[in-house]
Every structure is written in C-alpha cells, then in structure tokens.
Enquirer: 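I am attaching a structure below and will ask some questions about it afterwards.
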There are 2 protein chains.
Amino acid sequence: MPRKTATATPPKVAAKKAASRTAVPKKAAAKKAPADSGTKSERTRQRVLDAAAHVLSVKGYAGMRLSDVAEEAELQAPAIYYYFKSREDLIEEVMYSGIAAMRQHLVEVLDAAPDGIDPLERILLAVDAHLRHELEISDYTTASIRNAGQLPDAINKRQQAETKKYGEIWRDLFTRASADGAIRTDLDPYLAQMLVMGALNWAAEWWSPRRGSLDTVVETAQSIVRNGLAPA
Amino acid sequence: MPRKTATATPPKVAAKKAASRTAVPKKAAAKKAPADSGTKSERTRQRVLDAAAHVLSVKGYAGMRLSDVAEEAELQAPAIYYYFKSREDLIEEVMYSGIAAMRQHLVEVLDAAPDGIDPLERILLAVDAHLRHELEISDYTTASIRNAGQLPDAINKRQQAETKKYGEIWRDLFTRASADGAIRTDLDPYLAQMLVMGALNWAAEWWSPRRGSLDTVVETAQSIVRNGLAPA
DNA sequence: CATGGAATTTAATTTATGTTAAACTCGCCC
DNA sequence: GGGCGAGTTTAACATAAATTAAATTCCATG
C-alpha cells in the first residue's frame with residue numbers, strides 16, 4: 001500500500017530528443033496541481049513518480065528496476081521514457097522532491113509557531129514535523145533519506161544542495177537554542193543535532209503502524225529530546 | 001582506506017561443484033585465526049571478505065559489483081568463486097559476521113562491567129560499545145547496518161536471527177532499567193530503545209574523523225541518552 | 001626437476017535490464 | 001469520418017554484470 005505525496009514539480013514534461021514533441025497538451029498546466037488531478041498526462045507522470053518513490057524507498061537506489069516502477073504505475077517500462085529522459089533523471093527528481101517537500105513542511109510548521117516560543121520547544125516542533133512527514137506522508141522522503149548515502153555524485157547535486165538547506169534550518173534551531181541557554185552547554189550543538197536527526201531518520205527503518213501509534217512515537221521522541229537537551 | 005575486522009568464520013572454504021577440490025591445504029586450519037595470518041588461502045579469502053564489506057558499506061547491496069570487490073582485493077573477479085559459491089553467499093557472510101561481531105563485542109563489554117552497576121549506566125556502556133564498534137572498527141558492521149533493510153529475504157535469515165539476538169540484548173537493558181525505575185516511566189522502553197539505537201546507527205551516515213573526535217561523539221551521545229532517559 | 005593439486009587468470013556464456021525504434025490506439029478537431 | 005498528435009505498447013538492441021569453462025601459474029613434495 002504505497003504512500004505517495006510530494007506535489008510534482010511544474011509540468012516541464014517532455015524529455016525526448018530535442019523537445020520535438022510537446023508532451024504537455026495545450027490545455028495549459030494547472031498552476032497549483034490540486035492534489036491528484038490535472039491533465040491525464042500529468043496524472044500519469046505523477047503515478048510514475050509515485051511508483052518510483054515507493055520502489056526506491058524499499059529497494060534502494062541500485063535496486064530500483066524500471067520494470068518494478070512500471071508495474072506499480074501500471075504501464076510498460078518504455079512508457080517511462082515519455083516522461084523522463086532516463087532512469088537517473090527519474091531518481092533524481094524523486095530524491096530532490098523528497099527533501100524539498102520535507103523542508104517546505106518544516107518551514108511551514110516553524111513559521112506557524114507562535115512568536116517568542118522557547119527555542120527548545122521549536123526543536124520539538126521540528127521533531128514532530130520531521131517524524132510525521134517521514135513516517136506518515138511520504139515515500140519520497142523515505143527514499144531521500146535512505147538513499148542519500150548511495151547516490152552517484154552525478155545525480156546528487158540538486159539533492160545535496162537541498163539537503164544542506166534542510167540541515168541549515170536544523171542547525172539554526174540548535175545553535176540558537178544553545179546560545180539561549182536552552183540546551184546544556186556541555187553539548188556540541190552540531191553533534192546533538194546529528195544524533196537527534198539520526199534517531200528520527202532511522203525510524204523509517206523500523207516503524208510501521210503495527211509498532212504502535214505514530215503519536216506515541218512522536219511523544220516519546222520529543223520527551224527524550226527535551227530531557228536529553230535541556231539544562232538541569 | 002578501508003577498515004576491516006570481523007574474524008572470519010572457520011575455514012570451511014571450497015564452494016566448487018561437489019567439494020571435489022579441497023581448497024584448504026592439509027596444513028590444518030589454525031584454530032584461532034590470529035588476527036591476519038593463517039594459510040595463504042585463508043588470507044586471500046579474508047581479503048575478499050574485507051573488500052566486500054567495504055564496498056558493501058559504501059555502495060550498498062545492489063550496488064556492490066563483484067568487479068569492485070575484486071579490484072579492492074587485488075585479484076580477478078572469477079577468483080572470488082573459488083572461495084564463495086555466489087555473490088549472494090559472499091554478501092550473506094559479510095552481513096552476518098557484521099552483527100555477529102557487534103553482538104560479541106557488546107556482550108564482552110557488558111560482561112566486563114562491574115556488578116551492581118546502575119542499569120542506566122549499562123545502557124551508556126552499550127552506547128559506547130555500539131558507537132565505537134560501528135565507527136572505529138568495522139566496515140562489516142557498517143555494511144550490516146546500512147543494508148539490513150534492502151536485503152532480499154533469501155539472504156536474510158541468518159542475519160535476521162542475529163539481529164534479533166542483538167536487539168534482545170538491548171531490549172533487556174531497557175526493560176530492566178525501566179523496571180528498576182532508572183528510566184522515566186512515561187517512556188515506552190521499546191520506543192526509547194529504537195530511537196536511541198537509531199541515533200547511533202545513523203552516525204555511520206555522517207560521522208568521519210574530520211567531524212570531530214570519536215570520543216566527543218560518544219560523550220555527547222551518552223550525555224543525551226542519560227538525560228533523555230533518566231527520571232527527573 | 002618433474003608432477004599434482006592449489007590458486008588464479010583469461011576467455012566464453014548467460015542473463016538481466018536500460019534504452020531506442022517502430023508501430024499502434026484513441027480521442028479530438030476540421 | 002479522416003487525420004493528427006498525445007500516449008502507450010511491442011519488438012529490437014546494447015551493455016553490463018554474474019557465472020562457468022578452460023587454460024595457466026605457482027609451489028610444495030617426491
């Protein structure tokens with residue numbers, strides 16, 4: 001039961017030769033890609049992307065076969081080339097949109113937080129956002145997380161940049177909290193950040209709804225992080 | 001600069017047809033496989049295994065090519081078949097010995113701990129052991145950790161069993177600590193365990209000696225875990 | 001120093017899978 | 001209702017590995 005999510009990047013379809021065919025029907029692309037709908041073409045493309053994200057999150061970068069993706073998207077493998085220039089391109093897009101969506105989500109959550117909130121509380125908000133997005137919402141995120149380390153540098157550029165940005169948000173959270181005295185001074189903020197993020201990232205490896213409610217996981221993680229970081 | 005470690009399983013070489021050739025010279029296998037030495041054959045086998053562990057830890061299960069392994073072990077790919085029945089067999093052994101060695105290490109460390117030590121302190125010992133073994137000692141462990149989720153079930157049996165055993169040691173640590181009141185009662189021991197182990201496992205993804213000393217990482221992790229779990 | 005088996009190599013085979021090329025289908029517009 | 005192009009399929013191709021076979025080197029022992 002594949003999860004999906006991660007609104008596709010703009011139309012910009014057509015990969016073929018020298019863009020001789022148009023691929024995007026004149027209809028003009030819907031500006032907001034409302035959930036699922038859009039042109040038939042857009043929906044198919046999305047299905048391929050979703051399938052790729054799912055396969056990728058399960059079998060990993062090198063293990064993802066186009067035939068698997070095709071099967072899950074319910075079309076034939078060569079059809080994929082109508083939408084993507086190559087296997088690597090497809091993967092690239094999944095990986096990129098994975099963290100991109102994650103970052104967007106985190107930014108939204110943080111922006112919605114009341115002003116003057118305690119810096120440590122902001123970290124806990126991030127814990128909530130990260131965990132929920134990873135476990136509940138998106139195969140894309142799982143794919144990004146699990147395969148980041150195994151990608152050939154070629155595909156990596158865009159994702160790496162995005163990952164860096166994402167990490168910087170977290171870094172900010174930690175350095176501020178540290179500066180404000182909301183985090184124990186014996187803790188290196190960078191190491192603390194990486195350890196916390198690790199605990200969250202790894203959750204994709206073991207958690208499933210059968211392991212208990214996501215709410216409980218989030219609460220437990222928050223509780224450990226709060227107490228783990230806060231001064232006595 | 002590949003790390004290795006994980007004393008090979010007994011000789012039991014020869015995979016060929018119906019074990020027509022002996023592969024293990026009459027010399028009789030050294031009982032304890034002292035570090036590196038042993039028959040020339042044994043050493044070569046070990047080199048292949050080490051190379052496989054390294055490649056596996058970097059490129060992942062599906063990404064590991066026999067030619068990569070061969071290159072790193074300084075021989076030709078087909079030579080690998082003199083020692084292993086198949087690529088999968090080779091991988092299986094790396095993955096298995098990865099956690100097996102890890103478990104052995106953890107057991108030793110815990111056994112060496114003074115009696116009556118605080119249950120929470122025992123967890124911190126485990127944190128130290130896990131982290132150091134993962135980051136300092138063994139490509140095998142890294143390979144096991146990073147690829148556990150992507151292995152076809154076929155190869156998985158032995159490793160899975162070992163992983164379970166390893167997890168049980170940790171589970172014991174947590175349930176005891178919890179029962180003893182050394183861990184806050186609002187924490188689900190299982191979830192706490194998984195989150196902590198996640199933070200440690202993930203360290204393989206980001207840590208390198210250039211990221212600061214391993215000692216600091218260990219101390220930081222212990223500090224967060226201690227405060228994260230201990231009652232007020 | 002010749003011989004036999006251990007260890008390893010080069011050459012050949014097989015198979016899987018990404019990719020391309022060439023049709024084919026089907027709905028829409030004139 | 002004929003044609004055209006978007007979308008998709010089937011057939012063909014190319015290549016990269018894994019595996020196997022055959023040939024070769026190495027080395028201990030007689």
Side-chain angles (χ1 to χ4, degrees), chain A residues 11 13-29 38-48 51-52 55-56 59-92 152 154-155, chain B residues 11 13-29 38-48 51-52 55-56 59-92 152 154-155:
Chain A
V13 186
K16 281 294 182 191
K17 299 287 179 182
S20 55
R21 306 192 194 166
T22 306
V24 168
K26 298 123 196 188
K27 297 292 178 187
T39 329
K40 180 189 175 190
S41 158
E42 278 167 347
R43 273 180 283 120
T44 306
R45 183 176 197 275
Q46 191 62 46
R47 243 170 47 231
V48 172
V55 175
L56 212 48
K59 305 214 184 177
Y61 164 69
M64 184 196 96
R65 286 174 308 196
L66 249 25
S67 55
D68 295 334
V69 176
E71 183 179 13
E72 194 162 313
E74 295 180 283
L75 40 63
Q76 301 302 314
I80 295 174
Y81 286 83
Y82 184 78
Y83 300 98
F84 300 90
K85 205 170 73 212
S86 68
R87 172 178 180 272
E88 300 223 322
D89 256 46
L90 171 57
I91 293 178
E92 206 273 343
I155 319 190
Chain B
V13 186
K16 279 296 180 189
K17 299 286 178 182
S20 54
R21 306 190 193 165
T22 306
V24 169
K26 297 122 197 189
K27 297 292 177 188
T39 330
K40 181 189 174 189
S41 159
E42 279 167 346
R43 274 181 283 122
T44 305
R45 184 175 195 276
Q46 191 61 46
R47 243 171 45 231
V48 172
V55 175
L56 212 48
K59 305 214 184 178
Y61 165 70
M64 184 195 95
R65 286 175 306 195
L66 249 26
S67 55
D68 295 335
V69 176
E71 183 178 12
E72 194 161 313
E74 294 179 283
L75 40 63
Q76 301 301 312
I80 295 173
Y81 287 84
Y82 185 78
Y83 299 98
F84 300 90
K85 205 171 73 212
S86 68
R87 172 178 179 273
E88 300 223 323
D89 256 48
L90 170 57
I91 292 177
E92 206 273 343
I155 319 190

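First the proteins, then the strands, lettered A, B, ... as listed; each starts at 1.
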Enquirer: Mind listing the closest non-hydrogen atom pair of A:Gly63 and B:Ala62 along with its distance?
Expert: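 So the two residues come closest at N-CB, 3.5 Å.
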Enquirer: Can you find a side chain N or O atom of B:Thr44 that sits less than 4.0 Å from OP1 or OP2 on C:dT8?
Expert: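 Yes.
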Enquirer: For a 4.5 angstrom cut-off between non-hydrogen side-chain atoms, does A:Val69 reach A:Leu56?
Expert: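 The answer is no, as the side chains (C-beta and beyond) never meet within the 4.5 Å cut-off.
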Enquirer: Below the 4.0 Å mark, does C:dT8 have OP1 or OP2 next to a side-chain nitrogen or oxygen of B:Tyr82?
Expert: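 So the side-chain polar atoms of B:Tyr82 never come under 4.0 Å of the phosphate oxygens OP1 or OP2 of C:dT8.
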Enquirer: Between A:Arg65, A:Glu72, A:Met64, which is the residue that forms a side-chain contact (heavy atoms from CB on, under 4.5 Å) with A:Asp68?
Expert: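 Among the candidates, only A:Arg65 passes.
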Enquirer: Provide, to the nearest angstrom, the distance between the CZ atom belonging to B:Arg45 and the P atom belonging to C:dT8.
Expert: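 For the pair B:Arg45 CZ and C:dT8 P, the rounded distance is 13 Å.
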Enquirer: On DNA chain D, nearest-nucleotide positions of B:Glu88 versus B:Lys40: which is more 5'?
Expert: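 Here B:Glu88 is the residue nearer the 5' end.
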Enquirer: To the nearest 0.5 angstrom, please state how far the CZ atom of A:Arg45 sits from the OH atom of A:Tyr82.
Expert: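 If I round to the nearest 0.5 Å, the distance is 11.5 Å.
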Enquirer: Once you round to the nearest 0.5 Å, how far does OH of A:Tyr61 lie from NZ of B:Lys59?
Expert: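 Here the interatomic distance stands at 10.0 Å.
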Enquirer: Could you report the tightest heavy-atom contact between B:Ser86 and B:Tyr81, atom names first, then the distance?
Expert: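 Shortest heavy-atom separation between B:Ser86 and B:Tyr81 comes out as CA-CE2, 4.0 Å.
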Enquirer: Quantified as the angle between the terminal helix axes (five pairs each), what is the overall bend of the helix from C:dC1-D:dG30 to C:dC30-D:dG1 to 10 degrees?
Expert: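 Roughly 10°, once rounded to the nearest ten degrees.
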Enquirer: Could you report the tightest heavy-atom contact between A:Glu74 and A:Arg47, atom names first, then the distance?
Expert: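 Closest approach of A:Glu74 to A:Arg47, heavy atoms only: O-NH2, 3.8 Å.
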Enquirer: How long is the gap from CD1 on A:Ile80 to CG on A:Asp89, to the nearest 0.5 Å?
Expert: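 Going from CD1 on A:Ile80 over to CG on A:Asp89, the span is 12.5 Å.
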Enquirer: Could you list, one pair per line, each protein nitrogen or oxygen that sits under 3.5 Å from a nitrogen or oxygen of nucleotides 16-18 of chain D, together with the distance?
Expert:
| from | atom 1 | to | atom 2 | distance (Å) |
| --- | --- | --- | --- | --- |
| D:dA17 | OP2 | B:Arg65 | NH1 | 2.7 |
| D:dA18 | OP1 | B:Leu66 | N | 3.2 |
| D:dA18 | OP1 | B:Arg87 | NE | 3.4 |
| D:dA18 | OP2 | B:Leu66 | N | 2.9 |

Enquirer: Would you please say whether a donor-acceptor pair under 3.5 Å links the side chains of A:Glu42 and A:Tyr83?
Expert: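 A:Glu42 vs A:Tyr83: no donor-acceptor pair found between side chains.
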Enquirer: Please list, pair by pair, any protein nitrogen or oxygen found under 3.5 Å from a nitrogen or oxygen in nucleotides 9-14 of chain C.
Expert:
| from | atom 1 | to | atom 2 | distance (Å) |
| --- | --- | --- | --- | --- |
| C:dT9 | OP2 | B:Gln76 | N | 2.9 |

Enquirer: Taking atom C1' of D:dT9 as reference, at what distance in whole Å does atom CD of A:Glu71 sit?
Expert: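 In whole Å, D:dT9 C1' and A:Glu71 CD are 16 Å from each other.
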Enquirer: Nearest 0.5 Å, what's the CD-CZ distance between B:Glu92 and B:Arg87?
Expert: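 Rounded to the nearest 0.5 Å, the CD-CZ separation comes to 13.5 Å.
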